[in-house]
Structure formats: structure tokens, C-alpha cells
Number of protein chains: 2
Amino acid sequence: MQILKSISEVLEFRKNCTGSVGFVPTMGALHAGHASLIKKSVEQNDNTIVSIFVNPTQFLPGEDLDKYPRNEVGDTKICELCGASAVFFPDANEMYGKDEPLILAPKELSSSLEGALRPGHFDGVCRVLNKFFNIIRPDRAYFGKKDAQQLTIIQNMVKNFFMNLEIVPCEIVRESDGLALSSRNSYLGDDELCYALKLSRSIMKASNLIKANELNALKIKAAMSECLEPLKVDYVAIVNRNFEPIENVELGNTIILVAAYVGKTRLIDNLWV
Amino acid sequence: MQILKSISEVLEFRKNCTGSVGFVPTMGALHAGHASLIKKSVEQNDNTIVSIFVNPTQFLPGEDLDKYPRNEVGDTKICELCGASAVFFPDANEMYGKDEPLILAPKELSSSLEGALRPGHFDGVCRVLNKFFNIIRPDRAYFGKKDAQQLTIIQNMVKNFFMNLEIVPCEIVRESDGLALSSRNSYLGDDELCYALKLSRSIMKASNLIKANELNALKIKAAMSECLEPLKVDYVAIVNRNFEPIENVELGNTIILVAAYVGKTRLIDNLWV
């Protein structure tokens with residue numbers, strides 16, 4: 001496995017790739033969720049490039065950019081064990097110019113939920129991925145469904161920019177107790193872990209209600225909110241795949257989402273039904 | 001020469017191209033200036049694709065989008081005579097999505113001159129060219145130096161987006177009397193043509209002063225302004241290649257620009273020294 005530190009090294013590596021190229025963009029602090037993306041890419045492509053970049057432009061002032069977990073050695077090992085062909089550690093000074101074009105995420109898609117609570121976040125996500133996609137020119141790029149709105153916005157960008165790649169959505173990976181894997185779980189103290197479980201339990205509750213034929217969004221959201229007490233909840237939402245709020249669950253076209261704080265740690269979870 | 005009306009036709013055409021691909025994006029109403037771009041592309045590439053698209057997103061409300069000259073038959077003939085391999089007439093409804101990411105042109109580069117007078121214009125230019133470059137994936141794209149600020153902004157976008165193509169700047173083509181060719185010249189009445197010449201004469205005046213070793217920007221601009229009377233002048237500017245105002249001409253790093261109205265027609269001209 002090659003370690004690539006500059007864009008010119010990536011271009012050189014890419015030029016020498018034969019066959020298909022899969023790309024897994026990450027912010028590092030890799031866990032089994034990331035590993036599942038890398039393994040899927042390795043399965044589906046002749047080459048797999050993983051990027052590890054805590055992208056400054058997708059953090060808002062006051063967010064956890066500086067304390068975001070970093071583990072270059074461990075991450076490299078995980079990439080290697082998963083069968084990646086190369087890991088790219090970009091330098092922010094090389095990625096971003098002093099005066100360069102900005103990208104604004106699709107207005108409607110990014111106006112609600114994460115987009116409303118973290119204004120500018122998705123602009124930064126689009127901005128860095130547009131660069132990555134142009135540098136790496138992958139055939140496929142792998143994203144977890146956990147960042148559901150991000151995944152939808154990226155699919156929108158790729159389609160509307162006419163980029164020649166396939167976005168491959170990947171299932172959420174969970175601990176055996178249900179907790180969705182997240183690099184931010186490392187912020188949680190032992191006493192907070194049981195509170196963190198309230199997110200996945202609220203999602204499970206919604207899933208069970210739907211299986212019992214309860215499709216009314218208000219009722220499902222009420223039951224989820226009950227599960228989440230006493231956490232500080234940012235949102236509990238039921239939307240269609242275009243992220244428009246819906247009154248009744250439409251099977252095959254619905255996402256149920258939750259964002260809440262456990263202590264100072266903000267967690268998200270969701271379910272695609 | 002092939003006529004391409006849909007993006008899927010362009011993708012199919014592109015897939016079958018062998019060798020290098022040159023791209024000449026235009027808004028139609030082709031004149032000898034465009035012809036020189038096409039011919040240069042034909043010279044330098046195995047395939048040349050010309051696009052003809054009066055791009056709505058680069059016109060401001062109240063500008064001449066509706067009356068912008070259109071001549072599909074004549075344009076097609078010119079492309080063929082110049083040796084183009086294909087002409088692409090995009091459909092705005094296919095080019096633009098309902099809710100899609102926007103591109104903002106580099107802030108500093110687009111804050112002066114055309115950018116200041118036509119706010120949003122360069123955003124629309126970047127937006128459409130990013131799409132074109134992704135659809136056509138040219139090795140080289142050809143732009144006239146007449147739209148000097150546009151050319152510089154596009155070079156900035158290609159660099160900062162890490163797009164894999166070369167932007168080829170092409171010299172301004174002029175009538176024998178000096179008038180820079182422009183599709184908007186067709187708006188001029190016979191009685192206005194002599195007034196239109198004031199732009200190129202002011203540019204010529206600047207050129208002569210510089211040849212006589214006058215490098216003071218204020219003095220050159222004063223002499224140009226005199227040449228331009230009695231036109232309504234939008235700007236006379238002397239900037240470096242980063243579009244920053246300079247006090248003295250720096251040979252090899254300077255652009256002298258003028259924008260003025262002849263009747264209701266807004267014209268621009270410039271000189272790279």
C-alpha cells in the first residue's frame with residue numbers, strides 16, 4: 001500500500017492504475033464503519049484510494065475541528081488491513097487556494113436538518129469532494145448512509161455537475177448494542193455511553209412501529225422523542241428521499257433521522273425505510 | 001461534422017473520440033474571433049467540439065439575454081468550415097437542475113471591473129463551464145483574451161478545482177479599423193460604428209504611450225479617457241495579471257481594459273502588455 005502526501009503523488013499513482021478505481025473519502029479516526037466502506041471498494045474495484053483529511057472548510061467556527069480525533073498510524077494500518085491500494089493524506093495548503101471558487105450546496109436539500117443547524121457545512125463538503133473527485137477521478141466513491149443528508153447532497157452534486165462516477169451508499173455499521181459507529185463516539189465518557197444508546201433505541205422504536213403498520217409521522221416522532229429523554233435533541237425528522245418532510249411514512253422512500261447531544265457530544269443516527 | 005443536441009449524444013461522441021479533444025465554448029453568433037479559436041483547436045487537437053449555448057445564468061436581470069443574437073444555421077456552417085468535429089447545442093433544461101449546487105467565482109478576482117458591474121455574471125460563467133468541462137473532458141479549452149477577466153477566472157477555477165485540462169488563451173481578433181470583434185457589434189447602427197472605434201483607439205493610445213516609455217497608470221488612463229469622449233465609460237483600468245490595480249505598467253504583467261457604452265450597446269476591449 002502506498003502513502004501519498006501530495007497531489008502530484010496522487011496524480012502519478014492514478015496515472016499508473018489499471019482497471020477501476022474506488023475512492024473512500026474519510027476524516028480519519030477510522031472505525032469499523034469506515035472499514036466496511038474500504039472493504040466494499042476493494043471488492044468492487046481493482047484499486048482503492050482512501051483519503052484521510054480533517055477538512056477545515058466543513059467545520060463551523062466553534063465546532064470541533066481542533067479536537068477532532070486524529071490517528072495517522074492506526075488509520076494507515078486499518079487501510080492496509082482492509083486491502084486499500086493507497087492512502088492519501090492531503091495538505092490543506094495544497095488543497096485550498098487563497099482566492100478560489102466556492103461551491104454552495106443545493107439550496108433546498110441543504111436548508112433543513114444538518115444544513116440548518118450547521119450552515120455552510122455542506123458547502124465545505126461539496127467543495128472538498130469536488131476537488132477530490134477531480135484529482136482522483138474514481139469510478140466509484142463510497143459513503144455511509146449515516147450521513148444521510150450528506151450522501152443525498154453528494155449524489156445531487158455528481159449528477160448536476162455531470163461527474164463521471166458512481167456514488168455507492170453503504171449501510172450503517174453499529175455496535176452490538178445498536179450504537180451507530182462514529183469517530184465522535186470517542187468523545188463519550190463511560191457514563192455517557194448508555195445515554196448515547198438512546199439514539200439507536202429511538203430509531204429501533206420507529207422501525208418497530210412501522211413494522212406494526214404505524215405510518216403516521218407525528219405519532220412515530222412522538223414515540224422517538226420519548227425514547228430520547230432527557231437528551232437535548234436537535235431534531236427528530238421523517239422525510240422523503242428528497243429531504244422533504246412527510247406526514248406519513250412512504251415505504252421505500254423515507255428516511256427517519258435524529259440528532260441529539262450526549263453531554264457535549266453531538267450524535268446523529270437514521271434509518272432508511 | 002456531427003450536430004449534438006443532448007448530453008447523452010455528447011457523451012457517446014466523446015467516448016468514441018481517439019486522440020486529443022479541444023473544446024471551444026461559445027454563445028453562438030460566431031464571428032472571425034470565434035473562428036480563430038476553432039481553427040486553433042483544430043490545429044492542436046485530433047477532435048474539436050464547439051458548444052453554442054446562450055447561457056442564461058451568466059446574464060443579469062435586465063441584460064440582453066432575450067435579444068442576444070442567435071444564428072444556428074450560420075454558426076453550424078462556420079464550425080464546419082473551420083474543421084470542427086462536432087457542435088453541441090445544449091438544452092438549458094438538461095444543463096440545469098431544479099435544486100443544484102452553485103459555484104461562486106473567486107471573490108477577489110471577480111470583485112472588480114466586469115464582476116463589480118455585472119454581479120453574478122462570473123458565477124454563471126464558472127457554473128456552466130464546470131458542467132461543460134465535466135461532460136466533454138477536453139484536453140484543451142480555448143478562450144479569447146477579449147474577455148480578460150473571464151479568462152483569468154476560468155484559469156483560476158481549473159487550477160483550484162484540479163481539473164485535468166489546459167486553458168489556451170487566444171489573441172483578440174480585430175476589424176481592419178481596429179474594432180475588436182464581438183457578437184454585440186451587431187447591435188450597432190452604421191452611425192454608431194465610428195463611436196465604437198473609440199475603444200480600440202483608446203487602447204492603441206495606451207499602447208503607443210507605453211512604447212514611448214510612459215508607464216504611469218494615471219497618465220495613461222487620462223489619455224485613454226480623452227480618446228473615449230463623449231462615450232459613457234464604465235471603466236478604464238490598468239491592472240496586473242491578478243486583476244489588482246497598479247500604479248505603473250509592469251511589462252509582461254499588465255492588462256489595460258476599457259468598457260463603455262455606444263448608444264445602448266456595452267462594449268469592452270483590452271490590451272495585454
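Every chain is numbered from 1 and lettered A, B, ... according to where its sequence line falls, protein lines coming before strand lines. Only heavy atoms go into these numbers, but all of them, side chains included; no hydrogens, no water, no symmetry mates.
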In terms of heavy-atom pairs under 4.5 Å with chain A, which of B:Asn160, B:Asn130, B:Ile153 leads? B:Asn160
Carboxylate-amine/guanidinium proximity below 4.0 Å for B:Lys40 and B:Glu43: no
Which answer fits A:Leu11, side chain, backbone, both or neither, if we ask what part of it has an atom under 4.5 Å from a heavy atom of chain B? neither
Check this for me: does any side-chain nitrogen of one of B:Arg266 and B:Glu63 sit under 4.0 Å from a carboxylate oxygen of the other? no
Taking every non-hydrogen pair under 4.5 Å, which of B:Asn242, B:Asn156, B:Asn164 racks up the most with chain A? B:Asn156
Best-contacting candidate, A:Leu102, A:Leu104, A:Asn134, A:Asp99, against chain B by heavy atom pairs under 4.5 angstrom: A:Asp99
Regarding B:Lys131 and B:Glu100, does a basic nitrogen lie under 4.0 Å from an acidic carboxylate oxygen? yes
Between B:Phe132 and B:Phe88, how do the two ring planes meet: parallel, tilted or perpendicular, split at 30° and 60°? perpendicular
